[in-house]
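Positions are given from 1 along the sequence. All ligand and atom numbering here is 1-based and tracks the order in the structure.
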Amino acid sequence: MVLAQLGESLVGALARMAKATVVDDKVVLDCLNDVSRALLQADVRFETVRAVQASIRSAVNLQSLAAGTDRRRAIKHAVVDELRRMLDPAAGSGKPPCFVPRKGRKPASVVMFVGLQGSGKTTTCVKYADYHRRTGFSPALVCADTFRAGALDQLRQNAAKAGIPFYGSYTESDPVRVAVEGVDRFRNDQAAEGCDLIVVDTSGRHSQEAALLEEMRQLAEATRPDLVVLVMDASIGQAAFHQALAFKQSVEVGAVIVTKMDGHAKGGGALSAVAATKSPVIFIGTGEHIADLEAFDARSFVSRLLG
Ligand code: GDP
């Protein structure tokens with residue numbers, strides 16, 4: 001996984017710094033250059049790298065460190081803190097933590113998925129619902145994608161395979177109406193008693209065009225989701241920033257799922273999406289199979305990385 005490669009490069013940069021006999025300005029500068037190179041190689045946006053560099057530099061101003069301070073530790077801490085902030089910008093910012101569904105919750109939580117066509121949104125909706133089913137939830141899936149021919153059947157068949165209740169319509173072309181009906185059914189119908197998590201799949205387009213963004217805004221307004229998840233294809237690289245920003249401007253994106261991390265993508269695009277939405281990556285998609293979804297926790301990722 002490419003984030004792991006980024007991790008290794010950063011560990012290498014810190015190890016080189018720790019080996020220096022005397023920690024002076026040149027050692028700090030070399031370490032900063034190593035860190036920046038690792039981030040750029042992972043496809044993180046230049047602007048983000050520059051900001052990270054500036055904050056580490058101001059946190060480890062050797063002249064202002066008290067005598068006797070362990071300089072190696074101070075540098076390591078600054079790098080770790082900055083990395084943590086980059087992966088989970090909400091942490092420590094006063095923003096409420098990312099919504100986490102609770103088993104048995106009444107009324108059922110609504111999690112709405114948004115993203116461009118081909119990002120892996122429909123596949124990820126099923127993976128996400130199935131992940132929760134395996135951990136004791138009673139999830140349901142709603143298809144509010146009335147734009148792409150085949151979306152309904154794809155979701156319906158995958159839901160059936162996973163044994164997850166599903167709602168969609170072959171006749172209704174208004175996505176807002178289908179979404180509201182689906183949420184209502186799983187929240188209020190006797191037959192759906194016990195349902196505690198409703199996952200809403202939405203339309204995509206090939207670009208973040210105005211019509212799509214307006215549709216997402218209306219869907220969010222009508223279904224009032226507890227969480228909006230932005231699905232991003234890891235291979236889109238630097239375009240991720242503007243794409244994520246466009247979605248963020250029309251709906252309150254609360255979390256990001258990055259798909260296709262099993263491919264050749266470098267992962268930096270994911271970090272740019274995080275920077276744009278100020279929301280954490282909660283899962284990563286690692287294949288086409290339903291079980292190919294890994295929970296991602298920025299804090300433990302960073303702690304593991306740096307021991
Ligand atoms: P949507 O248009 O955003 O709903 O995208 P789909 O869910 O239809 O996915 C588009 C393609 O990406 C399909 O062929 C999926 O099997 C594939 N896909 C989705 N997630 C992943 C992933 O994590 N890894 C890989 N290798 N393929 C994925």
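- At the top of the distance list for atom 7 (O) of ligand 1, counting protein heavy atoms only, stands Thr123 OG1, 2.5 Å.
- Looking at Ser119 next to ligand 1, an N or O pair under 3.5 Å apart turns up.
- For Phe137 and Tyr131, the ring centers are positioned 6.0 Å apart or more.
- The nearest heavy-atom contact from the protein to atom 2 (O) of ligand 1 is Gly118 N, 2.7 Å.
- At the shortest separation from atom 8 (O) of ligand 1 among protein heavy atoms lies Gln154 NE2, 3.1 Å.
- Ionic pairing of Arg105 and Asp196 is not present here: no N-O contact between side-chain nitrogen and carboxylate oxygen is shorter than 4.0 angstrom.
- Atom 22 (C) of ligand 1 has Gly287 O, 3.1 Å as its closest protein atom, hydrogens excluded (heavy atom only).
- What sits closest to atom 18 (N) of ligand 1 on the protein, heavy atoms only, is Lys260 CE, 3.9 Å.
- Across every non-hydrogen atom of Ala129 and Val199, the tightest pair is CB-CG2, 4.1 Å.
- Residue contact annotation: Met261 has no non-hydrogen atom under 4.0 Å from ligand 1.
- The shortest separation from a heavy atom of Thr286 to ligand 1 is under 4.0 Å, placing the residue in contact.
- The ligand atoms of ligand 1 that sit less than 4.0 angstrom from a heavy atom of Gly285 are 23 (O).
- The shortest contact between atom 14 (O) of ligand 1 and any protein heavy atom is with Glu288 OE1, 3.5 Å.
- Using a 4.0 Å cutoff on heavy atoms, Gly115 does not count as a contact of ligand 1.
- Residue-ligand proximity: Leu116 is placed with a non-hydrogen atom under 4.0 Å from ligand 1.
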